[in-house]
Amino acid sequence: MALMTGEQYIESIRKMHMQVYMFGKKVESPVDDPILRPSLNSVRMTYDLAQMPEYEDLMTAVSPYTGERVNRFTHIHQSTDDLIKKVKMQRLLGQKTAACFQRCVGMDAFNAVFSTTYETDKKYGTSYHENFRKFMTYCQDNDLTVDGAMTDVKGDRSKAPHAQEDPDLFLRVVERRPDGIVVRGAKMHQTGALNSHEIIVMPTQSMKPEDKDYAVSFAVPMDTKGIYMIIGRQSCDTRKLENSDMDVGNAEFGGVEALTVFDDVFVPNDRIFLNGETEFAGVMVERFAGYHRQSYGGCKVGVGDVLIGAAAVAADYNGAAKASHIKDKLIEMTHLNETLYCCGIACSAEGHPTESGNYIIDLLLANVCKQNVTRFPYEIVRLAEDIAGGLMVTAPSEADFRDEKLGPVIDKYLRGVNTVSTENRLRIMRLIENMALGTAAVGYRTESMHGAGSPQAQRIMIARQGNLEHKKELAKKLAHITE
Ligand code: SF4
Ligand code: FE
């Protein structure tokens with residue numbers, strides 16, 4: 001079975017025995033929980049679109065390792081064309097869900113671990129690459145969703161992993177056995193962990209030799225003994241319990257994050273991809289971060305498309321669409337959004353092969369991409385709020401709108417242009433609210449800031465990759481300076 005249907009995916013997740021906690025209780029059936037379900041639906045879209053002939057070229061690829069057509073989210077990039085298609089696929093999914101569809105972290109981890117294990121084996125004679133290829137083809141054959149877990153909780157930021165007061169604040173190996181290792185720690189902000197079959201763990205930063213036990217990478221099924229998740233709260237999350245799809249804004253799709261705890265989890269030898277080779281921790285991090293910074297030039301652009309569309313609809317319904325400043329604001333939003341897309345496409349087109357043969361993006365351009373993502377969505381949201389007007393945060397609830405006595409009053413006073421129903425006007429306001437300040441704001445705003453690394457992380461990479469010396473030479477030459 002190379003490709004699962006959306007329904008098969010849902011049922012495959014239902015069969016897993018994941019340990020999920022929320023609001024102080026264990027969630028017995030995460031698949032059916034109204035707060036969690038929209039996030040599962042977003043991942044489902046990666047399966048549904050792959051079944052549609054019109055998206056086959058974007059959503060799938062032929063794996064050179066299995067010879068089968070596989071979902072692109074499990075693919076190892078073979079060319080710059082693959083890298084470009086990845087970004088286009090992410091934009092498409094952002095457009096269809098207006099949320100984080102989560103499956104990219106696994107794809108980005110796949111490609112980072114593929115090349116890093118190859119180079120580690122070359123230096124140390126280890127068999128991590130073979131381990132990884134076996135795992136990767138298993139995921140391709142079964143069309144699995146894989147979470148990519150990098151961010152540790154990190155404790156005191158001024159201290160190295162081994163120097164922390166509590167040694168578990170970075171995930172580490174606590175026991176080495178003949179048949180494998182035992183790991184302990186916690187990964188933060190895990191988007192999609194609860195919707196994944198497997199999890200690839202990677203180190204969170206470069207490491208020195210003293211941090212040997214922390215330089216570890218591996219994959220295990222999400223329902224492995226010792227793994228549990230504590231779901232993060234989102235603004236307006238309990239609105240999903242109120243049975244009002246109107247008030248939620250985007251009732252079908254969403255994203256959810258979890259603090260994912262590894263409480264002495266056993267990892268068998270053939271699932272280990274790094275174990276103490278500290279100098280490769282930084283390489284893995286840099287590559288994963290690079291791929292994920294490219295990703296944001298696709299997914300956030302797709303969500304931006306929906307937000308721009310929503311703002312334009314709001315302008316129509318408000319009767320303001322012809323005002324020149326509204327038109328100009330929509331142009332500005334489009335300009336910012338397409339600039340992000342340019343960055344996503346550019347770092348892909350300028351990609352190159354690694355020693356292992358897979359393709360990697362241009363790291364400087366991928367970091368510029370993500371640096372822009374830390375800013376532009378905020379401006380796009382600001383303009384959407386400007387266009388929508390205050391109603392997006394002051395509208396009465398659906399319950400009031402459906403009320404026999406209050407409903408007609410709301411209908412009368414909150415109508416915009418007469419040909420548009422008040423209900424439709426309220427619905428578009430709620431969708432904007434959802435992306436600007438509701439559950440989807442996690443994905444479109446704060447994740448744009450901190451996801452795939454906070455802004456300063458990109459600035460460090462830009463400084464490293466910017467080749468300032470070359471630029472100085474150019475200037476000196478033209479100024480006829482000899483030193
Ligand atoms: Fe994919 Fe974007 Fe979500 Fe990352 S933030 S997993 S790139 S949708
Ligand atoms: Fe992300």
Side-chain angles (χ1 to χ4, degrees), residues 39 42 86-87 89-105 107-108 148 150-151 188-192 232-236 249-250 253-257 288-311 332-348 361 365-386 388 431-462:
S39 76
S42 298
K86 171 195 158 181
V87 171
M89 166 179 79
Q90 288 167 316
R91 183 172 189 169
L92 174 72
L93 275 150
Q95 291 172 342
K96 300 280 186 192
T97 60
C100 168
F101 36 90
Q102 308 145 52
R103 211 175 165 188
C104 330
V105 278
M107 166 176 52
D108 292 340
M150 179 160 278
T151 311
M188 228 11 241
H189 320 304
Q190 288 310 298
T191 319
R233 283 222 70 170
Q234 295 177 331
S235 167
C236 309
N250 179 357
F253 301 105
V256 159
E257 295 73 30
F288 172 78
Y291 283 120
H292 211 57
R293 289 167 194 173
Q294 168 209 24
S295 288
Y296 279 34
C299 78
K300 302 299 178 221
V301 180
V303 179
D305 287 329
V306 179
L307 186 54
I308 294 167
E332 178 66 9
M333 291 165 88
T334 306
H335 161 69
L336 292 169
N337 205 41
E338 297 300 335
T339 303
L340 300 179
Y341 186 56
C342 292
C343 293
I345 295 296
C347 71
S348 307
I361 60 285
L365 298 185
N367 278 277
V368 169
C369 177
K370 174 65 216 308
Q371 182 77 186
N372 284 333
V373 172
T374 67
R375 300 171 182 173
F376 296 179
Y378 286 83
E379 181 62 9
I380 294 170
V381 163
R382 192 184 72 79
L383 291 166
E385 290 190 27
D386 182 344
L431 178 64
I432 296 171
E433 181 198 27
N434 174 253
M435 286 189 270
L437 338 141
T439 51
V442 177
Y444 191 60
R445 291 176 58 137
T446 314
E447 194 181 33
S448 287
M449 181 70 79
H450 293 294
S454 306
Q456 191 56 22
Q458 290 112 56
R459 299 186 81 78
I460 291 167
M461 283 300 289
I462 290 169

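The analysis underlying the following values was restricted to heavy atoms, covering all of them including side chains, and did not include hydrogens, waters or symmetry mates. Index from 1, following the sequence.
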Do the non-hydrogen side-chain atoms of [X] and [Y] ever get within less than 4.5 Å of each other?
{"X": "K86", "Y": "S348", "answer": "no"}
{"X": "R91", "Y": "V87", "answer": "no"}
{"X": "T191", "Y": "V442", "answer": "no"}

Trace of the side-chain contact (heavy atoms from CB on, under 4.5 Å) decision for T439 with N250: CA-CA 9 Å; T439 51; N250 179 357; over 6 Å; no
Ring geometry between H292 and Y296 (parallel below 30°, tilted from 30 to 60°, perpendicular above 60°):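 The arrangement is perpendicular - the two ring planes meet at more than 60°.
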With a 3.5 Å distance limit and no angle check, can you tell me whether [X] reaches the backbone of [Y] through a side-chain donor-acceptor pair?
{"X": "K370", "Y": "G297", "answer": "no"}
{"X": "Y291", "Y": "I361", "answer": "no"}
{"X": "N337", "Y": "V301", "answer": "yes"}
{"X": "R293", "Y": "A452", "answer": "yes"}
{"X": "S235", "Y": "L437", "answer": "yes"}
{"X": "T97", "Y": "A99", "answer": "yes"}
{"X": "E433", "Y": "G438", "answer": "no"}
{"X": "S42", "Y": "G254", "answer": "yes"}
{"X": "Q458", "Y": "V368", "answer": "no"}

Can you give me the closest heavy-atom contact between [X] and [Y], atom names plus distance?
{"X": "Y444", "Y": "L307", "result": "CE2-CD2, 3.6 Å"}
{"X": "M150", "Y": "F288", "result": "SD-CD2, 3.4 Å"}
{"X": "P455", "Y": "T374", "result": "CG-CG2, 3.9 Å"}
{"X": "V105", "Y": "G148", "result": "CG2-N, 3.6 Å"}
{"X": "L340", "Y": "C369", "result": "O-SG, 4.1 Å"}
{"X": "M333", "Y": "I380", "result": "CE-O, 3.4 Å"}

Salt-bridge criterion met for E385 and R382 (N-O under 4.0 Å): no
Roughly how far, to the nearest 0.5 Å, is the [atom2] atom of [Y] from the [atom1] atom of [X]?
{"X": "F376", "Y": "E338", "atom1": "CZ", "atom2": "CD", "answer": "12.5 Å"}
{"X": "Y378", "Y": "L383", "atom1": "OH", "atom2": "CG", "answer": "15.0 Å"}
{"X": "R375", "Y": "M449", "atom1": "CZ", "atom2": "CE", "answer": "9.5 Å"}
{"X": "M89", "Y": "M107", "atom1": "CE", "atom2": "CE", "answer": "4.0 Å"}
{"X": "T151", "Y": "Q190", "atom1": "OG1", "atom2": "CD", "answer": "6.5 Å"}
{"X": "I345", "Y": "Q294", "atom1": "CD1", "atom2": "CD", "answer": "8.5 Å"}

Any donor-acceptor N or O pair under 3.5 Å, side chains N372, T339: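 There is no such pair (donor and acceptor under 3.5 Å, judged by atom type) between the side chains of N372 and T339.
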Test side chain to side chain donor-acceptor pair (under 3.5 Å) applied to E257 and H189, Q234, Q102, the passing residue: Q234
